[in-house]
Amino acid sequence: MADETLFEFLHMEIVSHVYKEQQSGKGEMDNKDRAASVSVLEGMGFRVGQGLIERLTRDSPSFKDELDIMKFICKDFWTKVFRRQVDNLRTNHQGTYVLQDNKFALLTQLSSGKQYLSQAPKYLAFSCGIVRGALSNLGLDSVVTAEVSVMPSCKFQVVIQKL
């Protein structure tokens with residue numbers, strides 16, 4: 001329990017710090033500044049995801065296919081990082097996966113009201129990076145995006161890049 005709280009607090013502070021760094025010396029943040037902040041957070045998450053998956057798969061047998069990797073991400077990896085499994089995994093069997101978490105840990109601390117819906121994406125960039133970094137270390141290049149329609153539910157869309 002304490003680990004969860006510390007991770008959530010650290011995450012909120014990292015997001016706050018990155019956004020303040022981009023805003024320093026300026027009045028209002030424009031779209032370019034927001035995009036730079038999201039990129040920084042996603043890059044941090046990417047490196048964290050690479051390291052975490054390396055440790056988690058050290059003693060695991062290799063995966064059969066892409067779907068096997070995604071199942072591992074949804075069950076084992078998600079449980080280690082966010083303390084619960086993904087609620088739903090969907091795929092079109094053409095390299096697109098949707099991971100749905102109905103009570104995403106990094107959004108539960110924000111109010112469930114609609115006024116915070118616009119703030120949610122900045123708290124998801126790091127998590128998108130974690131997933132993308134983990135998949136990268138497992139040999140899958142991907143694009144990971146997140147969408148929030150109702151707080152604290154979140155959908156991560158993972159598109160595997162075919163070479």
Side-chain angles (χ1 to χ4, degrees), residues 3-56 69-70 72-74 76-90 95-138 140-161:
D3 291 345
E4 281 180 54
T5 305
L6 291 173
F7 176 66
E8 290 168 6
F9 182 68
L10 178 63
H11 177 261
M12 291 178 87
E13 287 301 311
I14 288 171
V15 171
S16 176
H17 175 74
V18 168
Y19 271 75
K20 282 179 185 171
E21 282 292 311
Q22 286 296 324
Q23 191 177 13
S24 66
K26 303 174 187 174
E28 192 71 25
M29 283 184 81
D30 59 8
N31 285 340
K32 185 178 175 185
D33 293 334
R34 281 189 204 88
S37 297
V38 167
S39 181
V40 167
L41 289 167
E42 204 266 347
M44 286 178 176
F46 183 84
R47 180 63 194 108
V48 169
Q50 284 182 318
L52 285 173
I53 203 71
E54 212 169 278
R55 294 186 76 189
L56 289 174
I69 291 172
M70 291 306 298
F72 177 81
I73 294 291
C74 292
D76 301 317
F77 183 74
W78 210 266
T79 301
K80 289 288 186 189
V81 177
F82 302 113
R83 303 284 189 241
R84 60 188 307 259
Q85 288 185 8
V86 168
D87 293 308
N88 196 352
L89 169 64
R90 294 177 185 233
T96 301
Y97 299 87
V98 177
L99 291 67
Q100 183 168 347
D101 191 334
N102 294 328
K103 196 174 177 189
F104 187 60
L106 299 178
L107 292 179
T108 55
Q109 299 305 316
L110 298 176
S111 175
S112 296
K114 291 187 178 193
Q115 71 269 26
Y116 293 105
L117 206 54
S118 63
Q119 297 294 312
K122 70 181 182 183
Y123 293 100
L124 298 173
F126 185 79
S127 304
C128 287
I130 288 176
V131 174
R132 194 172 69 84
L135 290 172
S136 173
N137 245 19
L138 294 174
L140 296 177
D141 286 331
S142 61
V143 174
V144 181
T145 55
E147 168 188 316
V148 178
S149 52
V150 178
M151 298 281 272
S153 180
C154 180
K155 289 182 182 179
F156 291 87
Q157 183 172 3
V158 178
V159 179
I160 306 299
Q161 304 297 301

| Val18 vs Met44 side-chain heavy atoms within contact, under 4.5 Å | yes
| Taking all non-hydrogen atoms of both residues, which atom of Val86 and which atom of Gln100 are closest, and how far apart? | CG1-O, 3.2 Å
| Does a side-chain heavy-atom distance below 4.5 Å link Asp101 with Gln85? | no
| message | Within the structure provided, determine whether Leu56 and Asp76 are in side-chain contact (heavy-atom separation under 4.5 Å). | response | no
| note | Between the OG atom in Ser142 and the CD1 atom in Ile69, the distance rounded to the nearest 0.5 Å is 10.5 Å
| query | If you round to the nearest 0.5 Å, how far is CG of Leu135 from OH of Tyr97? | reply | 9.5 Å
| task | Would you check if Lys80 and Leu52 make a side-chain contact, meaning some heavy-atom pair closer than 4.5 Å? | result | no
| Arg132 side chain near Glu42 side chain, heavy-atom distance below 4.5 Å | yes
| task | Would you give the length of the straight line joining atom CD of Gln22 to atom NZ of Lys32, rounded to the nearest 0.5 angstrom? | result | 10.0 Å
| Minimum heavy-atom distance between Gln50 and Ile53, given as atom pair plus value | O-CG2, 3.4 Å
| Side-chain touch Leu106/Ser127, heavy atoms, less than 4.5 angstrom | yes
| field | For Tyr123 against His11, the heavy-atom pair lying closest together | value | O-CE1, 3.2 Å
| request: Say whether, by atom type as modelled, one donor and one acceptor occur between the side chain of Asp87 and the main chain of Asn102 under 3.5 angstrom. | output: yes
| task | May I ask you to decide if Ala35's main-chain N or O and Ser39's side chain share a donor-acceptor pair within less than 3.5 Å? | result | no
| note | Here the pair of heavy atoms bringing Gln161 nearest to Val143 is NE2-CG2, 3.3 Å
| request: Take Phe156 and Trp78, measure what ring-ring contact (aromatic ring centres under 6.0 Å, His included) needs, and give me the verdict at the end. | output: CA-CA 12 Å; Phe156 291 87; Trp78 210 266; 5.3 Å; yes
| request: Sort out for me which residue in Glu13, Glu21, Lys20 forms a side-chain contact (heavy atoms from CB on, under 4.5 Å) with His17. | output: Glu21
| Would you find more than 12 non-hydrogen atoms of other residues, nucleotides or ligands less than 6.0 Å from Lys155 atom NZ? | no
| task | Could you please spell out the steps behind the ring-ring contact (aromatic ring centres under 6.0 Å, His included) verdict for Phe82 and Phe104? | result | CA-CA 8 Å; Phe82 302 113; Phe104 187 60; 4.9 Å; yes
| field | Spacing of CG belonging to Leu124 relative to CD1 belonging to Ile130, to within rounding of 0.5 Å | value | 11.0 Å
| field | Exercise: identify the closest heavy-atom pair between Leu107 and Met151 | value | O-CE, 4.4 Å
| request: Assess whether side-chain contact (heavy atoms from CB on, under 4.5 Å) is satisfied between Arg84 and Lys103, documenting all intermediate values. | output: CA-CA 9 Å; Arg84 60 188 307 259; Lys103 196 174 177 189; 3.8 Å; yes
| query | Do Ile73 and Val158 touch side chain to side chain, with heavy atoms closer than 4.5 Å? | reply | no
| query | How far apart are the closest heavy atoms of Ser153 and Val148, and which atoms are they? | reply | O-CG1, 3.5 Å
| Hey, does Leu41 have a side-chain heavy atom less than 4.5 Å from the side chain of Phe46? | no
